[in-house]
Amino acid sequence: RKEYVDLYVNYVFNESIRKPFEDFMQGFLRGCPTRKWKMFLPVELQIILEGHKTFDWHLLEKNVRYSFYKKSDQTIRNFWAVFHELPEEKKKMFLAFMSGSDRIPGYGLEEFKFVISDSGEENPDEACLSANTCSHILLLPR
């Protein structure tokens, strides 16, 4: 029985996926040659590929630039007051809405910048919050 279980486990976890995994590995190594990845420690490589999982939300606020707003505007003060009261999961959802990912890229939060801009809506009470994820711009109605 032990031999059967060993052979079955080997088939399920190794043999049955060998061809798809080799195809994946060949494509991955074409874009990401291993000789360039060897300079990283495993934990560093994980951060580069996955991004940071912990956040200093006040540092994020500090790194924001404003377009057609000032940091002292009531809309901005209200936005940050509400944002800082959100639970951690909702803050990550906001980050995903604004940037396309719920994680900060490997270069770190210190370098992660985004812009809060006035959406320019004629009737801001009927406007929705929107974002340009490629440029990290949050369009916030007044």
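Reckoned from all heavy atoms, side chains included, excluding hydrogens, waters and symmetry mates.
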Could I get the full list of salt bridge (charged side-chain N to carboxylate O under 4.0 Å, His left out) partners for K19, not counting sequence neighbours? D23

Nearest heavy-atom neighbours spanning S99 and S101: OG-O, 3.0 Å

Check whether I17 and V9 end up in the same hydrophobic cluster, where Ile, Leu, Val, Met, Phe, Trp and Tyr are linked by side-chain heavy atoms less than 4.5 Å apart. no

Interatomic distance, CG@L138 vs OG@S117, rounded to 0.5 Å, equals 9.0 Å

Would a hydrophobic clustering, with Ile, Leu, Val, Met, Phe, Trp and Tyr connected at side-chain separations under 4.5 Å, put M93 with L60? no

Quick one: salt bridge (charged side-chain N to carboxylate O under 4.0 Å, His left out) partners of D118, sequence neighbours excluded? R142

Are any non-hydrogen side-chain atoms of H84 and H58 less than 4.5 angstrom apart? yes

How about CZ on F68, more than 12 heavy atoms from neighbouring residues, nucleotides or ligands closer than 6.0 Å, or not? no

Could you list who else is in I137's hydrophobic cluster, with ILVMFWY side chains joined at under 4.5 Å, directly or through other members? V115, L139

Tell me, please, which residues at least two apart from R18 pass salt bridge (charged side-chain N to carboxylate O under 4.0 Å, His left out). E15

Note, T133 side chain near F97 side chain (heavy atom, < 4.5 Å): no

Report yes if the side chains of L59 and K62 come closer than 4.5 Å at any heavy-atom pair, otherwise no. yes

So if you build clusters from Ile, Leu, Val, Met, Phe, Trp, Tyr with side-chain heavy-atom gaps below 4.5 Å, do L129 and V82 land together? no

Please indicate whether Q74 has more than 12 foreign heavy atoms, meaning atoms of other residues, nucleotides or ligands, lying under 6.0 Å from its CD. yes

For a 4.5 angstrom cut-off between non-hydrogen side-chain atoms, does F94 reach D102? no

Rounding to 0.5 Å, atoms CZ (F79) and CG (L140) come to a distance of 6.5 Å

Tracing side-chain contacts under 4.5 Å among Ile, Leu, Val, Met, Phe, Trp and Tyr outward from F21 reaches F24, M25, F28, L29

Residues forming a ring pair (Phe, Tyr, Trp, His ring centres under 6.0 Å) with Y69, sequence neighbours excluded: none

Residues in side chain to side chain contact (heavy atoms under 4.5 Å, CB included) with Q26, at least two apart? R30

With side chains defined as the heavy atoms from C-beta onward, is the minimum distance between V64 and W80 less than 4.5 Å? yes

So which pairs with a foot in residues 86-95 pass side chain to side chain donor-acceptor pair (under 3.5 Å), sequence neighbours left out? W57-E88

Hey, does the side chain of N78 reach the backbone of T75 with a donor-acceptor pair shorter than 3.5 angstrom? no

For the atom pair CD1 (I76) and NZ (K71), what is the distance rounded to the nearest 0.5 Å? 10.5 Å

Pairs touching residues 121-131 that satisfy side chain to side chain donor-acceptor pair (under 3.5 Å), sequence neighbours left out: N123-E126

Mark yes when over 12 heavy atoms from residues, nucleotides or ligands other than R77 sit less than 6.0 Å from its CZ; otherwise mark no. yes

According to side-chain hydrogen bond (donor to acceptor under 3.5 Å, both in side chains), who are the partners of N132, at least two apart in sequence or on a separate chain? none

Looking at every non-hydrogen atom in both residues, tell me the closest pair between P141 and S119 and how far apart they are. CA-OG, 3.4 Å

By side chain to side chain contact (heavy atoms under 4.5 Å, CB included) - contacts of V12 (at least two apart): Y8

Can you name the side-chain hydrogen bond (donor to acceptor under 3.5 Å, both in side chains) partners of Y11, sequence neighbours left out? none

